[in-house]
Student: 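Just dropping this structure here.
Quick caveat: nothing in here was measured; it's all calculated off a predicted structure. The figures that follow rest on heavy atoms only: side chains count, while hydrogens, waters and symmetry mates do not.
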Number of protein chains: 2
Amino acid sequence: MHTNFLDTLDYQIITELQKNARIASSEIARLLGANERTIRKRIDRLVDLGAVRLTAVVNPAYFNYATAADIFIEADPQLEEDIIARLLAMQEISYLALGQGTKEISIEARFKDNGALRDFIRAVLPSIPGIKVTGYALVPRILRNIDEWMPKQEDFGSFSNP
Amino acid sequence: MHTNFLDTLDYQIITELQKNARIASSEIARLLGANERTIRKRIDRLVDLGAVRLTAVVNPAYFNYATAADIFIEADPQLEEDIIARLLAMQEISYLALGQGTKEISIEARFKDNGALRDFIRAVLPSIPGIKVTGYALVPRILRNIDEWMPKQEDFGSFSNP
DNA sequence: GCTGAAAATTATGCATT
DNA sequence: AATGCATAATTTTCAGC
């Protein structure tokens, strides 16, 4: 649990960086009416604290990955480590999360066409020992992505704005 | 379908930007043995083409969002638009994807504690007319995130490296 | 599409409040 | 923790290859 000493300014900075991570600190300063040095120090702090990561998010559609599947898996606890390692080695898998007991695994995988996707669910996954696919959904249209997520404003300590 | 004219250099640039989106173009140039101007033009092109987005990804754990749930929903087709709008308005929802017929909806939602999570699944979601939760998994540990995904090397046209 | 050189802008280190 | 200032580095502009 962190003592949260971030404030509205940090929130606004993150909002700008979310739009464009390479925006000049001085431009953020201009936009927010703050000092350039302050902005730069805040950005460094946000990154050092691990509050945000400044990164490049690849657009799968541009590379002709036209479809995706969200899949629930049940893993044999005895083979669990091996299963996770094998899944993490797969380039198709864009997201992998473990459930409470780690028996449940939730993944997202990306494919160029429905053929590849179906093959993955019907052949590739079942070929891994100890795996059971308990449910899945083909999700060709993603409306909100994880990298767009923001905490609530109130998660940033104090506020000058109403 | 794009004619893919990106090459290894673009792949390497994306790899660097993924580690740090604010790295100086001249430093990438140094690392990759290329010209600074070339790097900057490539970055601009990658962004203009929509191949990558340079952004700030917030770390939910830092803001005390300790747990998440991946949820499958079935939506009444007649109320579909309203349902999607209501879901997209929720700050908790970090990911929302539609299935083939859009009847299936797949979401991820984030919470500060399991109580809030359970309340969301047991009370908040069911209170929306036309929604049925068909499956869910609590996923406190995310091992790979969508923003870390990369296409295969061969998705970048030509290659100078073996 | 890549690179060079000068001008403009931005980032950094140090010091002050 | 925020800012001013001097210096270093980077980005931009305009050009030629």
Side-chain angles (χ1 to χ4, degrees), chain A residues 1-56 58-59 62-63 151 153-161, chain B residues 2-56 58-59 62-64 151 153-161:
Chain A
M1 179 99 164
H2 298 95
T3 308
N4 197 343
F5 50 88
L6 303 183
D7 63 12
T8 314
L9 184 57
D10 296 289
Y11 182 84
Q12 293 172 306
I13 291 169
I14 294 174
T15 302
E16 291 305 323
L17 291 173
Q18 221 171 30
K19 291 185 231 162
N20 173 18
R22 284 178 81 77
I23 184 175
S25 303
S26 42
E27 177 141 5
I28 299 179
R30 245 173 271 129
L31 290 166
L32 305 183
N35 184 285
E36 315 178 22
R37 303 298 335 277
T38 304
I39 299 295
R40 223 172 290 114
K41 292 213 168 176
R42 293 285 189 119
I43 295 175
D44 289 346
R45 186 176 65 167
L46 286 166
V47 172
D48 290 345
L49 288 170
V52 298
R53 239 160 1 99
L54 303 173
T55 190
V58 176
N59 173 12
Y62 180 80
F63 294 91
Q153 278 232 3
E154 67 211 58
D155 291 322
F156 291 80
S158 59
F159 296 94
S160 39
N161 307 346
Chain B
H2 299 94
T3 308
N4 197 343
F5 50 88
L6 303 182
D7 63 13
T8 314
L9 184 57
D10 295 289
Y11 181 84
Q12 293 172 307
I13 291 169
I14 294 174
T15 302
E16 290 307 323
L17 291 173
Q18 222 171 28
K19 292 185 230 164
N20 173 17
R22 284 177 82 75
I23 184 177
S25 304
S26 41
E27 176 139 8
I28 299 179
R30 244 174 272 130
L31 290 166
L32 304 183
N35 186 284
E36 316 177 21
R37 306 279 302 105
T38 304
I39 300 295
R40 222 170 295 112
K41 292 214 168 173
R42 293 285 190 117
I43 294 175
D44 289 346
R45 186 175 66 167
L46 286 166
V47 172
D48 290 345
L49 288 170
V52 299
R53 237 158 3 97
L54 303 173
T55 189
V58 176
N59 173 13
Y62 180 81
F63 294 92
N64 302 317
Q153 278 232 2
E154 65 210 60
D155 292 323
F156 292 79
S158 58
F159 297 94
S160 39
N161 305 348

Student: How about F5(A) and L49(A): do any of their side-chain heavy atoms sit closer than 4.5 Å?
Tutor: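 Yes, side chains in contact.
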
Student: Are V52(B) and V47(B) close enough, and set up right, to give a side chain to side chain contact (heavy atoms under 4.5 Å, CB included), and what steps lead you there?
Tutor: CA-CA 5 Å; V52(B) 299; V47(B) 172; 4.3 Å; yes

Student: Can you find a heavy atom in the side chain of T15(B) that is under 4.5 Å from one in the side chain of Y11(B)?
Tutor: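 Yes, close enough: below the 4.5 Å cut-off.
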
Student: Reading DNA chain D in the 5' to 3' direction, which nucleotide is the first one with an atom under 4.0 Å from a heavy atom of chain B, and which is the last?
Tutor: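 Listing 5' to 3', DNA chain D meets chain B from dT10(D) to dC14(D).
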
Student: Grab the CG-P distance between D10(B) and dG1(C) for me, whole Å please.
Tutor: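 Computing the D10(B):CG to dG1(C):P distance gives 10 Å.
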
Student: State the CZ-CD1 distance between F156(B) and I13(B), to the nearest 0.5 angstrom.
Tutor: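 With rounding to 0.5 Å, CZ (F156(B)) is 10.0 Å from CD1 (I13(B)).
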
Student: In residues 24-39 of chain A, which ones come under 4.0 Å of DNA chain D, going by heavy atoms?
Tutor: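 The answer is N35(A), R37(A), T38(A).
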
Student: Check residues 27-41 of chain B and write down every donor-acceptor pair under 3.5 Å in which the side-chain atom is one partner and the other belongs to a residue at least two apart or another chain.
Tutor:
unit_1: N35(B); atom_1: OD1; unit_2: R37(B); atom_2: N; d: 2.7
unit_1: R40(B); atom_1: NE; unit_2: S25(B); atom_2: OG; d: 3.4

Student: Expressed as a whole number of angstroms, how long is the span from I43(B):CD1 to dG1(C):P?
Tutor: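 Rounded to the whole Å, the gap is 15 Å.
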
Student: For the atom pair CD (Q18(B)) and CG (L54(A)), what is the distance rounded to the nearest 0.5 Å?
Tutor: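 Answer for the CD-CG pair, Q18(B) versus L54(A), is 13.0 Å.
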
Student: Under the salt bridge (Lys or Arg N to Asp or Glu O under 4.0 Å) rule, what pairs show up with a residue in residues 17-26 of chain A, not counting sequence neighbours?
Tutor: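 The answer is E16(A)-K19(A).
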
Student: For L9(B) and for R22(B), locate the closest nucleotide of DNA chain C by heavy-atom distance; then report the residue assigned to the nucleotide nearer the 5' terminus.
Tutor: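 Its nucleotide being nearer the 5' end, the pick is L9(B).
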
Student: Which residue pairs satisfy the side-chain hydrogen bond (donor to acceptor under 3.5 Å, both in side chains) criterion with at least one member in residues 45-55 of chain A, sequence neighbours excluded?
Tutor: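 Qualifying pairs, neighbours excluded: D10(A)-R45(A), R53(A)-D147(B).
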
Student: When the distance from CG of D7(B) to C1' of dC2(C) is rounded to whole Å, what number comes out?
Tutor: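 Answer to the nearest Å: 13 Å.
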
Student: Expressed in angstrom and rounded to an integer, what is the separation of I13(B) atom CD1 from dG1(C) atom C1'?
Tutor: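 Those two atoms, CD1 and C1', are 13 Å apart.
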
